[in-house]
There are 2 protein chains.
Amino acid sequence: MAGHELPLLLLGGFRQLIDEMHRRLAERGHPDLRPAIGFAVQAISHGATTASDLGRATGVSKQAASKTVDQLLSMGYVETVPDERDARRKALRLTARGVDLVTLSGAVLDDLRAEWVAVAGESAVGTLETTLRLLAGREGVRTDTAGWLVAESG
Amino acid sequence: MAGHELPLLLLGGFRQLIDEMHRRLAERGHPDLRPAIGFAVQAISHGATTASDLGRATGVSKQAASKTVDQLLSMGYVETVPDERDARRKALRLTARGVDLVTLSGAVLDDLRAEWVAVAGESAVGTLETTLRLLAGREGVRTDTAGWLVAESG
DNA sequence: GCAGATCGTCAACCTAGTTGACCATTGAGT
DNA sequence: ACTCAATGGTCAACTAGGTTGACGATCTGC
């Protein structure tokens, strides 16, 4: 098997998953999503508590993360609460809508995985996951991807 | 297995492959590459003969493709030759350097695949490929990804 | 109490797309 | 032969999402 197929297949799989997820989320009350939004909300639900923090979690500058936070605020996915212990910080908290997005996203991805299993079989999908975790999960998966595709890599 | 891991694993695998490929290509005389450049050169070597054509092949507007062609020209990867049959067209042709890039990329990706096989085994990598081809290759893999990650999807 | 780190923000800039308009050229149909 | 729609390339204005650098305000270790 020629190696040049590998990246295209991985990218194709990723795209298909994300495109379909967004299609379904749009149907369920979350239109106008982009991967960057999803990654950010995910990072916040996993513990990123400030814009700077989000920047570190997603691999972008705090200034860029701050712009993303502005979007999340205007889209109603997060809200800020002043930190009583540190007046510099604006703590981020998911709104009910933000929590709904995280919950729905997880459910949709579970569905999509189940559909892959229905087509390819549990063992094939399981092997795919195990293999990628072994090969690509070595240093954890970073989600600062929008910029990465565009900027120089390395 | 939770579905939310799947896209991250696929993206992580893609990133790792492309990052490492660019690192090695930089060592071998092709620095300053970005995924968009590689995709474009690949598309041209696979038959895209004009900027408009390249745009169609990579899923972007002809104007955007034209900007990419400008880069490829200035980086010395392609050259244009006037089309004698159609005075509107500027036919694209890979230079020796462009051909070298395509050849090297293929070799590097073959190496990387072999390294994955060494770590995970031929059957695991083969299953990964077969599975993704089945699931994600249904409508062919598009490479207009830089813009896609950023713009709305669907 | 001071020095240095950190949080948020402003400003200028870069890159890679987009749409719309336009001209030159081609080719199909009458 | 002529018109007219389609196509190739280009210009201009705009958008999105990043970057770096600078800065004031605040916190923390010593």
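The model shown is predicted, which means the values in this text are computed figures rather than measured ones. Proteins get letters first, then strands, A, B, ... in listed order; numbering begins at 1 in each.
- A salt bridge links A:Glu122 with A:Arg113: the closest approach of a Lys/Arg side-chain nitrogen to an acidic carboxylate oxygen falls below 4.0 angstrom.
- Contact between the side-chain N/O atoms of A:Ser61 and the OP1/OP2 oxygens of D:dT19 is found at a separation under 4.0 Å.
- Taking atom CZ on B:Arg85 and atom C1' on C:dA24, their separation rounds to 20 Å, with Å as the unit.
- The pair A:Arg23-A:Glu27 meets the salt-bridge criterion, since a charged nitrogen lies less than 4.0 angstrom from a carboxylate oxygen.
- The nearest whole Å value for the distance from the CD1 atom in A:Ile37 to the C1' atom in D:dG17 is 11 Å.
- Note on A:Ala64: a base of the nucleic acid sits closer than 4.0 angstrom, heavy atoms only.
- In this structure, A:Ser52 reaches the sugar-phosphate backbone alone: every heavy-atom distance under 4.0 Å involves primed, P, OP1 or OP2 atoms, never a base.
- B:His4 and A:Asp110 share no donor-acceptor pair across their side chains, judged by distance under 3.5 Å alone.
- Taking 4.0 angstrom as the limit, B:Ser66 places a side-chain polar atom (N or O) nearer than this to OP1 or OP2 of D:dT10.
- Remark: the B:Gln63 side chain and the D:dG8 base include no donor-acceptor N/O pair separated by less than 3.5 Å.
- Picking from C:dT25, D:dT10, C:dG8 the nucleotide with the shortest atom distance to the side chain of B:Lys90 gives D:dT10.
- In this structure, B:Lys62 places its NZ atom 13 Å from P of D:dC11, rounding to the nearest Å.
- Looking at the side chain of B:Thr50, the nearest of the listed nucleotides D:dG9, C:dT19, C:dC10 is D:dG9.
- For the pair A:Asp86 and A:Gln71, nearest-nucleotide mapping onto DNA chain D gives the more 5' position to A:Gln71.
- Between A:Arg56 and C:dC7 there is a side-chain polar atom (N or O) within less than 4.0 angstrom of OP1 or OP2.
- Heavy-atom distances to DNA chain D give each of B:Lys67 and B:Asp53 a nearest nucleotide, and the one nearer the 5′ end belongs to B:Asp53.
- For A:Lys67 and A:Asp70, the salt-bridge test fails: no basic side-chain N is under 4.0 Å from an acidic carboxylate O.
- An OP1 or OP2 oxygen of D:dA25 is reached within less than 4.0 angstrom by no side-chain nitrogen or oxygen of A:Arg89.
- Side-chain N/O atoms of B:Arg88 and base N/O atoms of C:dT26 include no donor-acceptor pair closer than 3.5 Å.
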